[in-house]
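Everything below concerns the one structure shown next.
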Amino acid sequence: MINKLVIDTLKPLGVPVGFQKYSGQESTYITFHEYLQTGEEFEEDEEAFTGHYLQVDIWSKTDYTTLGGNVKTLLISAGLKRLDEADFYEPDTGLYHKGLKFYFLESKEV
């Protein structure tokens, strides 16, 4: 469910989005992964809410400032909360890299 939500939400950006990896030829692309999934609330010993902690990574050889802002806007409008973000440079690939962490609370039918 969460993977589809991220992919469908970021689709309007027109940038390739891949779960965990991207193997295409574009020089700007987005990958994402869930680094933690945990039960957040329980009712009658059943998990009522699941917390999804995601990292969305933007990879580019050019300035990704506008793309980063658009990623945040779209994911927040889809119900995710931004936790933090950081900028990196990957010297082995020559790619600029922005890591954005988000949280999504999923309600379970108990």
Side-chain angles (χ1 to χ4, degrees):
M1 178 253 178
I2 192 68
N3 291 355
K4 181 175 180 358
L5 175 66
V6 171
I7 291 169
D8 289 349
T9 299
L10 298 180
K11 192 171 286 187
L13 295 172
V15 174
V17 177
F19 174 63
Q20 296 190 332
K21 65 179 183 174
Y22 171 70
S23 56
Q25 298 299 314
E26 297 293 329
S27 62
T28 298
Y29 56 93
I30 297 169
T31 60
F32 70 96
H33 67 279
E34 187 171 26
Y35 64 91
L36 176 65
Q37 181 183 131
T38 186
E40 297 284 359
E41 290 187 30
F42 296 85
E43 296 174 3
E44 300 178 16
D45 294 329
E46 295 288 330
E47 186 173 311
F49 292 92
T50 301
H52 299 271
Y53 294 81
L54 304 168
Q55 180 161 330
V56 176
D57 298 290
I58 300 170
W59 307 89
S60 183
K61 290 196 178 274
T62 61
D63 185 0
Y64 53 65
T65 305
T66 300
L67 179 59
N70 291 339
V71 166
K72 283 189 281 189
T73 298
L74 288 173
L75 290 176
I76 290 169
S77 70
L80 282 79
K81 297 187 180 344
R82 185 186 71 90
L83 297 176
D84 59 48
E85 59 189 85
D87 295 298
F88 306 95
Y89 177 71
E90 308 293 338
D92 56 329
T93 60
L95 289 170
Y96 295 96
H97 170 201
K98 184 172 198 72
L100 303 113
K101 291 186 178 176
F102 292 89
Y103 171 77
F104 182 76
L105 186 62
E106 178 185 6
S107 175
K108 301 279 189 182
E109 302 271 336
V110 178

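Keep in mind that the numbers below use all heavy atoms, side chains included, and drop hydrogens, waters and symmetry copies. For this chain, numbers begin at 1 and follow the sequence in order. Everything quoted here is computed from the prediction, not taken from an experiment.
- Closest of all the heavy-atom pairs between Ser60 and Thr28 is OG-OG1, 2.8 Å.
- Contact of the His33 side chain with the Tyr35 side chain is registered, since non-hydrogen atoms from C-beta on lie closer than 4.5 Å.
- Put simply, Val6 and Tyr103 are part of two different groups of oily side chains (I, L, V, M, F, W, Y) that touch within less than 4.5 Å, one to the next.
- At distances below 3.5 Å, not a single donor-acceptor pair connects side-chain atoms of Lys11 with backbone N or O atoms of Val17.
- Residues Phe32 and Asn3 are in side-chain contact: their nearest non-hydrogen atoms beyond the backbone lie under 4.5 Å apart.
- The only member of Ile7, Val71, Leu100 that meets side chain to side chain contact (heavy atoms under 4.5 Å, CB included) when paired with Ile30 is Val71.
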Please walk me through it: do Thr50 and Gln37 pass side-chain contact (heavy atoms from CB on, under 4.5 Å)? CA-CA 7 Å; Thr50 301; Gln37 181 183 131; 3.5 Å; yes
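- Scored by the salt bridge (Lys or Arg N to Asp or Glu O under 4.0 Å) test, Lys101 finds no partners at all (sequence neighbours excluded).
- Atom NZ of Lys81 sits about 13.0 Å away from atom CG of Leu75, to the nearest 0.5 Å.
- To the nearest 0.5 Å, atoms CD (Glu34) and CZ (Phe19) are separated by 7.5 Å.
- Between Glu26 and Val15, every side-chain heavy-atom pair lies at or beyond the 4.5 Å cut-off.
- Classified by interplanar angle (parallel below 30°, tilted 30° to 60°, perpendicular above 60°), the ring pair His97/Phe88 is tilted.
- Of all non-hydrogen atoms in Asp87 and Lys98, the two that sit nearest each other are OD1-NZ, 3.0 Å.
- In this structure, the side chain to side chain contact (heavy atoms under 4.5 Å, CB included) partners of Phe49, at least two apart in sequence or on a different chain, are Glu40, Glu41, Glu43, Leu105, Ser107.
- Contact record, Arg82 with Ile76: CB-CD1, 4.3 Å, taken as the closest heavy-atom pair.
- Within a 6.0 Å sphere centred on CG of Asp92, heavy atoms belonging to other residues, nucleotides or ligands number more than 12.
- Annotation: side chain of Ile2 is not in contact with side chain of Phe102 (no heavy-atom distance under 4.5 Å).
- The closest side-chain heavy-atom distance from Leu5 to Leu80 is below 4.5 Å.
- Pairs of residues two or more places apart, or lying in two chains, that qualify as salt bridge (charged side-chain N to carboxylate O under 4.0 Å, His left out) and include a residue from residues 65-80 are Lys72-Glu85.
- When all heavy atoms are compared, the tightest approach of Phe104 to Met1 is CE2-CE, 3.8 Å.
- At most 12 heavy atoms of other shown residues, nucleotides or ligands fall within 6.0 angstrom of atom CD in Gln25.
- To the nearest 0.5 Å, the span separating OG1 on Thr31 from NZ on Lys21 amounts to 12.0 Å.
- Side-chain contact check for Tyr96 versus Tyr64: some heavy-atom pair is nearer than 4.5 Å.
- Closest heavy-atom contact between Ile58 and Gly68: CD1-CA, 3.5 Å.
- Annotation for Val56 and Leu10: closest pair CG1-CD1, 4.4 Å, computed over non-hydrogen atoms.
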